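Following: one structure in structure tokens, then a few remarks.
Values in this document were obtained by computation on a predicted structure and should not be read as measured data. Index from 1, following the sequence.
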Amino acid sequence: MIIRASIEPLNWENAFFGVNSAIVRISPDAPLLTPEALQPWARIQAKISAARADELDALQALGFSLVEGEVDFALSVANVSDGGNAEVAQRGDIPALRQLASEAFSQSRFRSPWYAPDASARFYAQWVENAVLGTFDHQCLVLRATGGEIRGYVSLRELNDADARIGLLAGRGAGAELMQAALSWAQYRGKTTLRVATQMGNTAALKRYIQSGANIESTTYWLYR
């Protein structure tokens, strides 16, 4: 059982997590993936289509373990009503958003034992801060309660002329409002498709996206070695 793949270092993740890690890019034109090629790395990631049982078997034979499954959705952006009460997050919201994000995504693929116990919380706290600053996702929208505290948020990024993607979305009981705000944001920017991904095990998110009109585009597996 063989598999061909190139190995690319994950420089940003390495600097952030302090782990010497890389990702394999499977391609028929790449060299054979061997234990010797994998040996220098403390952590190797792979993302494959859930339909490719042959790739899954080959990677597991090389010592990779399944970490999580992912579902990628696409929503049509057409005739969207206004975005409701969502506001653009401001720099002053960053401390509260960092705290909320650190609590909302604790079971991500950056969890222990693969990473330090606090790695996932730090990663998503930094993600939402970058979204507010426009340095990764392009913007973060928030919903506020009567007292002004944040009760939900969604980060968004323009991918190209036609597509936008939701990065982070969280807020108990605010999912429908956040999806409406995201669709309105995408429509205002002339997009035709809004994309979003979530873990296969996150049934609440899966239900929300389907109820909002999303169609499944693909399913994938993340594996680590």
Side-chain angles (χ1 to χ4, degrees), residues 68-108 120 123-220:
E68 72 176 29
E70 187 174 283
V71 183
D72 202 61
F73 290 93
L75 296 88
S76 175
V77 179
N79 302 316
V80 181
S81 59
D82 68 71
N85 297 318
E87 305 173 6
V88 175
Q90 304 300 313
R91 286 176 177 264
D93 294 318
I94 288 175
L97 284 167
R98 284 184 63 93
Q99 181 63 36
L100 291 169
S102 70
E103 297 168 353
F105 305 102
S106 60
Q107 291 303 307
S108 80
S120 185
F123 177 80
Y124 288 101
Q126 190 61 54
W127 184 335
V128 77
E129 177 173 339
N130 290 351
V132 176
L133 299 176
T135 57
F136 179 58
D137 287 345
H138 293 123
Q139 205 159 64
C140 181
L141 306 178
V142 297
L143 296 172
R144 300 187 190 277
T146 304
E149 64 273 18
I150 296 169
R151 61 185 181 87
Y153 57 94
V154 57
S155 69
L156 295 138
R157 176 164 32 116
E158 295 186 65
L159 302 177
N160 50 47
D161 290 343
D163 299 343
R165 177 171 287 279
I166 291 173
L168 304 179
L169 184 150
R172 186 167 296 177
E177 292 175 84
L178 291 168
M179 289 300 298
Q180 185 67 24
L183 286 164
S184 180
W185 186 93
Q187 179 175 260
Y188 180 78
R189 286 157 179 78
K191 309 305 179 187
T192 57
T193 303
L194 178 64
R195 302 185 181 279
V196 62
T198 193
Q199 297 161 312
M200 287 181 182
N202 190 343
T203 55
L206 295 172
K207 290 177 182 178
R208 166 43 49 207
Y209 299 145
I210 291 169
Q211 289 171 355
S212 296
N215 293 311
I216 295 175
E217 288 261 295
S218 64
T219 54
T220 53

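Atom CG of N160 sits about 11.0 Å away from atom CZ of R165, to the nearest 0.5 Å. Rounding to the nearest 0.5 Å gives a distance of 12.5 Å between CD of E103 and CZ of R98. Interatomic distance, N85 CG to L141 CG, rounded to the nearest 0.5 Å: 12.0 Å. Summarising the geometry, atom CG belonging to D93 is positioned 10.0 Å from atom CG belonging to L100; distances are rounded to the nearest 0.5 Å. Considering CZ of R195 and CG of L156, their distance stands at 14.0 Å, rounded to 0.5 Å. Taking CD of E149 as the start and CG of L143 as the end, the distance is 12.0 Å to the nearest 0.5 Å.
Considering every non-hydrogen atom in both A170 and L178, the closest pair reads O-CD1, 3.5 Å. Closest of all the heavy-atom pairs between V77 and L194 is CG2-N, 3.7 Å. Contact between E177 and G173 at its shortest, heavy atoms only, is OE2-O, 4.4 Å. Nearest heavy-atom pair, R144 versus E87, reported as atom, atom and distance to 0.1 Å: NE-OE1, 2.8 Å. Closest heavy-atom contact between K191 and D161: CD-O, 3.5 Å. Here the closest heavy-atom approach between residue I150 and residue A96 is recorded as CD1-CB, 4.3 Å.
Within the 3.5 Å criterion, the main-chain N or O of D72 finds no donor-acceptor partner in the side chain of S218. Checking side-chain atoms of Q187 against main-chain N and O of V80 turns up a donor-acceptor pair under 3.5 Å. For Q139 (side chain) and G134 (main-chain N/O), no donor-acceptor pair under 3.5 Å exists by modelled atom type. Judged by distance alone, with hydrogens and angles left aside, the side-chain atoms of S120 form a donor-acceptor pair with the main-chain N or O of F105 at under 3.5 Å.
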Legend entry - Test side-chain contact (heavy atoms from CB on, under 4.5 Å) applied to L183 and L75, step by step: CA-CA 8 Å; L183 286 164; L75 296 88; 4.2 Å; yes
Legend entry - Stepwise side-chain contact (heavy atoms from CB on, under 4.5 Å) test for L206 and F73: CA-CA 9 Å; L206 295 172; F73 290 93; 3.7 Å; yes
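Inter-residue side-chain proximity for R208 and T198 is flagged as unmet; no heavy-atom pair is nearer than 4.5 Å. The shortest side-chain heavy-atom distance between V88 and Q90 falls under the 4.5 Å cut-off. The shortest distance between side-chain heavy atoms of W185 and E158 falls below 4.5 Å. With a 4.5 Å cut-off on side-chain heavy atoms, T193 and L159 do not count as touching.
Using the six-membered ring where Trp is involved, F123 and W127 have ring planes that are perpendicular, over 60° apart on the 30 and 60° scheme.
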